[in-house]
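Take a look at the structure set out below.
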Amino acid sequence: MKHWLFKSEPDEFGIDHLINRPKQTSGWDGVRNYQARNFMRDSMQIGDTAFFYHSNCKIPGIAGIVEIVKSSYPDPTACDSKSKYYDPKSTHIAPRWFMVDVKFVKKFTQIIPLTVLRDNAKLQDMLLLRPGNRLSITPVSTKEWQAILAMAANI
DNA sequence: GCCAACGTTGGC
DNA sequence: GCCAACGTTGGC
């Protein structure tokens with residue numbers, strides 16, 4: 001099983017929104033970046049786990065864990081002209097954007113702040129921490145995954 | 001709200 | 001296919 005990190009703005013859709021969804025499950029719609037799409041479309045499998053990262057907020061950091069419960073399928077918001085994620089270049093016949101479904105697994109007792117992640121030597125190579133990184137979905141290595149779980153356990 | 005870094009667009 | 005202009009992301 002692979003590991004991932006999903007970014008979201010908590011004002012838009014935070015981990016508490018996911019908890020309050022039916023079955024604590026939601027489609028991860030609105031991704032409009034090819035690299036992030038490719039991760040979802042080509043590499044994610046049911047059973048993969050991912051960190052839920054809160055971005056663009058007071059204390060950016062990892063809020064908890066989710067699990068992939070449905071592998072990729074076309075993102076319907078791309079075909080919805082009323083959606084802010086509407087993309088006229090995407091069609092039903094040739095969908096351009098894909099999404100997966102994620103299910104809530106766990107919320108950390110406290111968020112693990114970005115600043116704390118940066119201080120962990122084991123996470124030096126983590127994609128999230130690369131200068132200028134903006135990718136909303138990134139792979140997480142097993143080593144990084146375990147290091148972060150250990151941090152969460154020690155809060 | 002600023003702004004640096006990045007991805008995308010579109011003219012040529 | 002190059003690259004300047006533009007829009008977006010996201011930490012601070």
Nucleotide N/O of nucleotides 9-12 of chain C paired with protein N/O under 3.5 Å:
| unit_1 | atom_1 | unit_2 | atom_2 | d |
| --- | --- | --- | --- | --- |
| C/dG10 | OP1 | A/K7 | NZ | 2.7 |
| C/dG10 | OP1 | A/R134 | O | 2.8 |
| C/dG11 | OP1 | A/Y53 | OH | 2.7 |
| C/dG11 | OP2 | A/N56 | N | 3.0 |

Open item on the list: Centroid separation under 6.0 Å, is that true for the rings of A/F52 and A/W28?
Closed with: yes

Task: Modelled atom types, side-chain donor and acceptor of A/R130 and A/T138, under 3.5 Å - done: no

Open item on the list: So that I know where these two stand, are A/W4 and A/Y53 an aromatic pair - ring centroids less than 6.0 Å apart?
Closed with: no

TODO: Please confirm whether A/K70 makes a cation-pi placement over A/Y73, using NZ or CZ under 6.0 Å from the six-membered ring centre and within 45° of the ring normal.
DONE: yes

Open item on the list: Looking only at the aromatic ring of each residue, does the gap between the centers of A/Y85 and A/W97 stay below 6.0 angstrom?
Closed with: no

